[in-house]
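So that the names make sense, note that chain A is the first sequence line, chain B the second, and so on, each numbered from 1. These figures come from a predicted structure and were not determined experimentally.
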Amino acid sequence: MNDYPKRGRVVAIEFTEIGKLFSSDVRDGTAVSIRGWVYRIRKLKDKVFFLLRDSSGVIQCVVDKNEEGIWEKVEPLTIESSVTVKGVLKYDKRAPGGREVHVKDIMVVHYAEPFPITEDAVRSESEYLLDVRHLWIRSSYMTSILKIRHTVFEAIHEYFRKNGFYEVQAPMFITAAVEGGATLFQVDYFGRKGVYLTQSSQFYLEALIYALEKVYTIAPSFRAEKSRSRRHLSEFWHAEAEVAWYSLKDILRIEEELVAYIIKKVVDEREKELKTLGRNVDILIKESELPFYRITYDEALEILKRKGFEVEWGDDFGADEERALVSEFDKPVFVIGFPEACKAFYHRNDPERPEVTLSADLLAPEGYGEIIGGGERIYDKDELVKKIKRFGLDPKDYEWYIDLRRYGSVPHSGFGLGVDRLVMWICGLKHIRDAIPFPRDIRRVYP
RNA sequence: GCCGGGGUAGCUCAGCUUGGUAGAGCGCGGGGCUGUUAACCCCGUGGUCGUGGGUUCAAGUCCCACCCCCGGCGCCA
């Protein structure tokens, strides 16, 4: 059936990336070898047109019935069959993209079974695409997102490394909560109770600053929130940083520089992919100009009251409030100084105004929501223990974390960036599930 | 967890109000077509109508229970 050799070595032929066939120095009439997957086929009486896709692009291939030994192989081709093609590149206005390959030889590596994803499923943005996610990731839509995501991760590493941060790794198996017990995934750790998947690497980063001062990590975080929103995953990628000696003000500068750096790199290197996704690049550029806006929690309350919301001091913002607030700004906005009860216990209270914390959330524009949470951490042992108790938690669960405040404790600050949410915003996606190849949420752990 | 929507062919959906032998498009198979662009034209293929029970001469359609999925809220990054 297939004429790819089952035994022996793959013949060493140089293959050209399909994307490169569209560059200006590839002349009409050039002999080319390409390989990839059949993307579309149109069979006529005397000709077969098929679009061939590889990771770099798509080009039309043409087979004439007169081509002996080729026609018989091409006629039974199916969508997603894998082939290698030798042919001649021709400029032709009739071809998509203005160029095509006239096939002189073809080897079918695998005749694909009928591909289950149809145009109907694509256009309806069907749930089915999540069931066959292992196949749907081949689409130009998912491929564009994955390339942008790749560049986002690259930019994060670049920014931190250029700015003197050490990359570190924290464990995924942990024994204590960061936020609260209800959102932990319990695991069977050799039959031992009280072992969970991590919700955040923050506490470990706080330990590591005493060795390396400026640290960051990119790692998954796991949260068992029974959330049904378009902005939540139960397994998400978290870029976290922690810096010794830094104040809230210092860490906000890092946060906005990081976000702006990532967007600039994506705009510079992934314009084609952004356009495939229909993302307005000019808006993105405008949205990433520094500095970002900074408002206090109190100012945010004023804005909301002016817009007719019934909010009282001490309330956290709901989705409606957050949307209304963000709509006032054309760039990301930091909301600084949340009341103590709105934030986790480890946030340091403002010594000059103890009812608020030295914390800040970064809200993305266009309703993409909170992408960063961070601030100063409590570095005094007694202050920390008191606050743990005030929050109804047991200091015994946080022994090693409290221990950090016993040996040369210093002021420090840090933050956590939701990478998938950032990708969602940059790509302009409707759902966070599309920001990651294999999403995990309350309902889905397959494929 | 709460509120709303949904489950019918491999995929996308109509049919349900007003019960009477299950439909379309896409896909797939066959045929046609002198360059196709989500190709097009003709023919064919394809179903425990989410599960269980009830009403009825008769249930995809009406009633009850349950399961699963989607969206919004809450929660967060």
Side-chain angles (χ1 to χ4, degrees), chain A residues 39-51 58-66 76 78-79 90 92-98 100 102 112-132 135-136 139-140 178-180 182-183 199-202 218-240 255 259 315-323 338 342-344 360-364 368-374 415-425 430-433 435-436 441-444:
Chain A
Y39 185 63
R40 293 277 187 278
I41 314 169
R42 292 170 201 115
K43 293 169 185 171
L44 281 73
K45 190 183 182 187
D46 297 315
K47 279 199 170 72
V48 168
F49 297 90
F50 63 93
L51 300 180
V58 178
I59 194 161
Q60 173 161 286
C61 299
V62 191
V63 176
D64 197 275
K65 198 171 188 176
N66 299 325
T78 47
I79 300 282
K90 303 294 277 184
D92 195 316
K93 273 180 277 185
R94 296 170 295 184
E100 63 189 16
H102 288 223
E113 293 176 31
F115 201 61
I117 299 176
T118 62
E119 204 61 49
D120 274 344
V122 174
R123 263 173 288 150
S124 68
E125 297 174 32
S126 158
E127 251 339 270
Y128 177 68
L129 298 178
L130 284 165
D131 295 333
V132 290
L135 305 175
W136 175 233
S139 63
S140 62
V178 177
E179 309 287 346
T183 64
Q199 295 174 307
S200 163
S201 300
Q202 179 194 321
I218 306 179
S221 284
F222 305 91
R223 294 195 186 167
E225 291 159 355
K226 292 188 175 176
S227 165
R228 290 202 51 82
S229 96
R230 284 181 293 180
R231 300 207 305 270
H232 286 262
L233 295 169
S234 49
E235 175 184 315
F236 69 95
W237 283 81
H238 216 169
E240 294 178 276
E255 291 176 27
V259 171
D315 292 347
D316 209 343
F317 305 137
D320 287 347
E321 284 92 12
E322 194 180 286
R323 256 192 300 276
F338 279 89
C342 298
K343 289 284 156 192
D361 287 351
L362 181 64
L363 305 179
Y368 283 99
E370 186 183 340
I371 53 170
I372 295 181
F415 66 91
L417 163 70
V419 183
D420 316 280
R421 278 194 188 169
L422 179 65
V423 170
M424 185 187 174
W425 165 36
K430 289 182 195 155
H431 205 299
I432 196 167
R433 282 192 297 230
I436 185 168
D441 63 29
I442 183 168
R443 308 263 183 231
R444 187 169 289 276

Whole-angstrom distance between C43(B) and G5(B), as gauged at atom C1': 39 Å
message: Using whole Å, what does the distance between atom P of nucleotide G31(B) and atom CG of D46(A) come to?
response: 15 Å
- prompt: Hey, is the side chain of E127(A) pairing donor to acceptor with the base of G7(B) inside 3.5 Å?
  reply: no
statement: The Watson-Crick or G-U wobble partner of U34(B), with both key distances under 3.5 Å, is none
- request: Select base, sugar-phosphate, or nothing to describe what H431(A) touches, counting heavy atoms under 4.0 Å on all strands.
  value: sugar-phosphate
- prompt: With a non-hydrogen cut-off below 4.0 angstrom, is A239(A) in contact with a base, only sugar-phosphate, or nothing?
  reply: nothing
query: Between G4(B) and G25(B), how far is it from one P atom to the other, in whole Å?
result: 37 Å
- line: Comparing nearest nucleotides in RNA chain B, the 5'-proximal residue of the pair R444(A), I432(A) is R444(A)
- prompt: Is G1(B) paired to anything, Watson-Crick or G-U wobble with both distances less than 3.5 Å, and if yes, which nucleotide?
  reply: C73(B)
message: Using the P atom as the point on both nucleotides, what is the distance between C42(B) and A58(B), in whole Å?
response: 42 Å
query: Base, sugar-phosphate, or nothing: which does G318(A) touch, judged by heavy atoms less than 4.0 Å apart?
result: sugar-phosphate
field: Nucleotide U36(B), atom C1' - distance to CZ of F49(A) in whole Å
entry: 5 Å
- request: Starting at atom NZ of K65(A), determine the distance to atom P of G32(B), rounded to an integer number of angstrom.
  value: 9 Å
query: C70(B) and U12(B): how far apart are their C1' atoms, nearest whole angstrom?
result: 15 Å
- prompt: Are the side chain of R421(A) and the backbone of E370(A) linked by a donor-acceptor contact shorter than 3.5 Å?
  reply: yes
- prompt: For A224(A), does its backbone N or O pair with a side-chain atom of S234(A) as donor and acceptor, under 3.5 Å?
  reply: no
- prompt: With both distances under 3.5 Å as the test, what is the Watson-Crick or G-U wobble partner of C26(B)?
  reply: G10(B)
- request: Decide if atom NZ of K43(A) counts as having more than 12 heavy atoms of other residues, nucleotides or ligands within a radius under 6.0 Å.
  value: yes
- prompt: Who does G52(B) pair with, Watson-Crick or G-U, both distances under 3.5 Å?
  reply: C64(B)
statement: Which of C33(B), A38(B), U36(B) is nearest the side chain of E119(A)? It is A38(B)
message: Evaluate D131(A) against R444(A) for salt bridge (charged side-chain N to carboxylate O under 4.0 Å, His left out), listing each step before the verdict.
response: CA-CA 9 Å; D131(A) 295 333; R444(A) 187 169 289 276; 3.0 Å; yes
message: Main chain of Q199(A), side chain of S221(A): is a donor-acceptor contact present, judged purely on distance under 3.5 Å?
response: yes
query: When all nucleic acid strands are considered with a 4.0 Å heavy-atom cut-off, which category describes E100(A): base, sugar-phosphate, or nothing?
result: base
message: Counting only side-chain heavy atoms from C-beta out, which of C33(B), G35(B), U36(B) sits nearest to H102(A)?
response: G35(B)
- prompt: Using the C1' atom in both, what is the distance from C68(B) to G50(B), to the nearest Å?
  reply: 7 Å
field: Value in whole Å for how far the C1' atom of G74(B) lies from CD of E370(A)
entry: 14 Å
- prompt: Can you find a heavy atom in the side chain of V63(A) that is under 4.5 Å from one in the side chain of F49(A)?
  reply: no
field: Quiz item: Q60(A) side-chain donor-acceptor pair to U36(B) base, under 3.5 Å
entry: yes
task: Starting at atom CD1 of I442(A), determine the distance to atom P of C73(B), rounded to an integer number of angstrom.
output: 15 Å
- prompt: Do side-chain atoms of H431(A) reach the backbone of R433(A) as a donor and acceptor pair under 3.5 angstrom?
  reply: yes
- request: Mind calculating the distance between OH (Y128(A)) and P (G10(B)) to the nearest angstrom?
  value: 10 Å
Side chain of S124(A) - closest among U36(B), C13(B), C76(B): C13(B)
- request: Could you say whether E321(A) or H238(A) is positioned toward the 5' end of RNA chain B, judged by the nucleotide with the nearest heavy atom to each?
  value: E321(A)
query: Distance check: side-chain N/O of S126(A) vs OP1/OP2 of U12(B), anything under 4.0 Å?
result: yes
message: When the C1' atoms of A14(B) and U61(B) are compared, how many Å lie between them, rounded to an integer?
response: 13 Å
message: Does R231(A) reach a base, just sugar-phosphate, or nothing at all? Heavy atoms under 4.0 Å.
response: base
- prompt: What interatomic distance, in whole Å, is found between P of G20(B) and the corresponding atom of G15(B)?
  reply: 14 Å
- prompt: Looking at G74(B), does its base get a donor-acceptor pair with the side chain of S227(A) below 3.5 Å?
  reply: yes
Side-chain N,O (H232(A)) to OP1/OP2 (G74(B)) below 4.0 Å: no
- request: Ignoring backbone atoms, test whether R228(A) places a side-chain nitrogen or oxygen under 4.0 Å from the OP1 or OP2 oxygen of G72(B).
  value: no
query: How long is the line joining CG of D361(A) and P of C75(B), in whole Å?
result: 12 Å
- prompt: Of the nucleotides C33(B), C13(B), G35(B), which one has an atom closest to the side chain of A95(A)?
  reply: G35(B)
field: P spacing across the pair U45(B) / G10(B), given as an integer number of angstrom
entry: 15 Å
query: Can you find a side chain N or O atom of R230(A) that sits less than 4.0 Å from OP1 or OP2 on A77(B)?
result: no
message: Is it the case that the side chains of E113(A) and T78(A) hold a donor-acceptor pair, with the cut-off being a distance below 3.5 Å and no angle test?
response: no
query: Would you say R223(A) reaches C75(B)'s phosphate, i.e. side-chain N/O to OP1/OP2 under 4.0 Å?
result: no
query: What does L44(A) touch in the nucleic acid at a heavy-atom separation under 4.0 angstrom: a base, only the sugar-phosphate, or nothing?
result: base
Short side-chain N/O contact to C70(B) OP1/OP2 from R433(A), under 4.0 Å: yes
- request: Provide, to the nearest angstrom, the distance between the CD1 atom belonging to I117(A) and the P atom belonging to G10(B).
  value: 17 Å
- prompt: Hey, does the side chain of K47(A) come within less than 4.0 Å of U36(B)'s phosphate (OP1/OP2), counting only N and O?
  reply: no
query: Are any non-hydrogen side-chain atoms of M424(A) and Y368(A) less than 4.5 angstrom apart?
result: yes
